[in-house]
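Structure first, commentary second.
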Amino acid sequence: MIAIAGIAGSLRQGSYNRALLRAAAELMPEGAVMNVLSIDAVPLYHGDVEAQGIPTPIATLKQALAGAAGLVLVTPEYNNGIPGVLKNAIDWMSRPAADIPRVFGGKSVALLGATPGGGGTILAQVAWLPVLRVLRMKLWTAQGPFYVSGAAKVFDASGLIDAELRERLRKYMAAFVEHVRAQAG
């Protein structure tokens with residue numbers, strides 16, 4: 001069984017990005033599982049706190065990500081950029097810097113995102129590129145970017161309701177898992 005970690009970059013329970021991550025987890029192919037990691041308990045990064053030790057929620061996230069074969073990062077786009085809560089969680093997980101190879105290094109990552117607007121998180125996904133490079137992650141692009149525009153039309157309170165988008169997401173996740181399997185050897 002191959003394990004993929006999934007993180008949504010929104011704290012709001014009704015977030016389209018959380019719904020997209022839940023749908024991706026439901027649509028994982030046979031022989032794969034997605035462990036959805038929560039950033040809800042992540043405090044704001046503070047060097048003085050780090051000097052006293054990595055907080056338990058961060059240590060838990062780091063351990064889960066280190067044990068995963070790949071990462072699905074589902075990013076909202078706020079003011080044409082990266083959401084602060086998700087960047088904060090990634091920053092915490094990169095501390096101390098000596099842990100970067102163990103937690104992130106060489107891991108394949110798929111970027112997805114949903115927005116009610118027309119841009120589909122294009123700018124946020126591009127803004128993640130330098131961060132992923134510093135973390136030595138491998139951005140998976142074989143299927144192209146996965147953007148969801150007009151999210152209010154394809155999600156409701158029960159989740160992803162658009163059949164065509166569900167099928168596109170199912171194929172995307174199957175291809176990502178196959179890539180991760182191939183990378184694992």
Side-chain angles (χ1 to χ4, degrees), residues 1-40 61 64-65 68-87 89-90 107-132 135 137-184:
M1 179 74 62
I2 192 160
I4 304 293
I7 301 175
S10 176
L11 301 180
R12 190 171 61 85
Q13 290 301 311
S15 156
Y16 296 127
N17 288 281
R18 279 186 168 208
L20 182 58
L21 181 61
R22 282 190 303 273
E26 292 167 7
L27 296 170
M28 292 294 283
E30 189 174 323
V33 65
M34 182 183 296
N35 298 318
V36 175
L37 309 179
S38 173
I39 61 170
D40 290 4
L61 284 170
L65 184 52
L71 173 63
V72 172
L73 200 60
V74 185
T75 183
E77 182 173 296
Y78 298 151
N79 299 315
N80 294 337
I82 294 173
V85 295
L86 185 52
K87 176 66 166 65
I90 296 296
K107 200 171 300 282
S108 292
V109 59
L111 281 172
L112 294 82
T115 183
T121 72
I122 292 168
L123 297 173
Q125 290 192 32
V126 168
W128 276 107
L129 299 179
V131 176
L132 299 175
L135 298 174
M137 297 191 82
K138 297 176 184 174
L139 178 63
W140 179 71
T141 59
Q143 295 285 312
F146 198 97
Y147 307 128
V148 178
S149 302
K153 297 175 186 171
V154 296
F155 292 97
D156 70 8
S158 67
L160 180 57
I161 57 171
D162 183 275
E164 185 177 318
L165 183 58
R166 280 186 78 78
E167 181 59 15
R168 192 174 124 225
L169 181 58
R170 185 193 64 73
K171 289 178 180 177
Y172 186 88
M173 294 311 304
F176 179 63
V177 167
E178 186 58 35
H179 165 78
V180 171
R181 271 197 185 107
Q183 294 295 306

Between [atom1] of [X] and [atom2] of [Y], what distance do you get to the nearest 0.5 Å?
X	Y	atom1	atom2	result
N17	L73	CG	CG	10.0 Å
L160	L165	CG	CG	4.5 Å
L21	L169	CG	CG	9.5 Å
S10	I39	OG	CD1	8.0 Å
L71	L111	CG	CG	8.5 Å
L61	L37	CG	CG	6.0 Å

For [X] and [Y], work out which heavy atoms get closest and say how close.
X	Y	value
R181	G31	NH2-O, 2.9 Å
L65	K107	O-NZ, 3.1 Å
I4	A68	C-CB, 4.3 Å
W128	T75	NE1-OG1, 3.0 Å
I122	G119	CG1-O, 2.9 Å
A124	P76	CB-O, 3.4 Å

List for me each residue that meets side-chain hydrogen bond (donor to acceptor under 3.5 Å, both in side chains) alongside [X], sequence neighbours excluded, and say none if there are none.
X	answer
R22	none
D156	S158
T115	none

Heavy-atom neighbours of N79 CG exceed 12 at 6.0 Å: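 Not buried by this count: 12 neighbours or fewer within 6.0 Å.
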Note, [X] side chain near [Y] side chain (heavy atom, < 4.5 Å):
X	Y	value
K153	D162	no
Q13	R18	yes
V72	M173	yes
Q183	K138	yes

Results of salt bridge (charged side-chain N to carboxylate O under 4.0 Å, His left out) for E178 - residues two or more places apart only: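 Listed in chain order: nothing, the list is empty.
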Residues that R168 engages under salt bridge (charged side-chain N to carboxylate O under 4.0 Å, His left out), provided they are two or more places apart: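 Per chain and number, R168 pairs via salt bridge (charged side-chain N to carboxylate O under 4.0 Å, His left out) with no residue.
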Residue pairs passing the ring pair (Phe, Tyr, Trp, His ring centres under 6.0 Å) test where at least one lies in residues 150-175, sequence neighbours excluded: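 Passing the test, one end in residues 150-175: Y16-F155, W140-Y172, F146-Y172.
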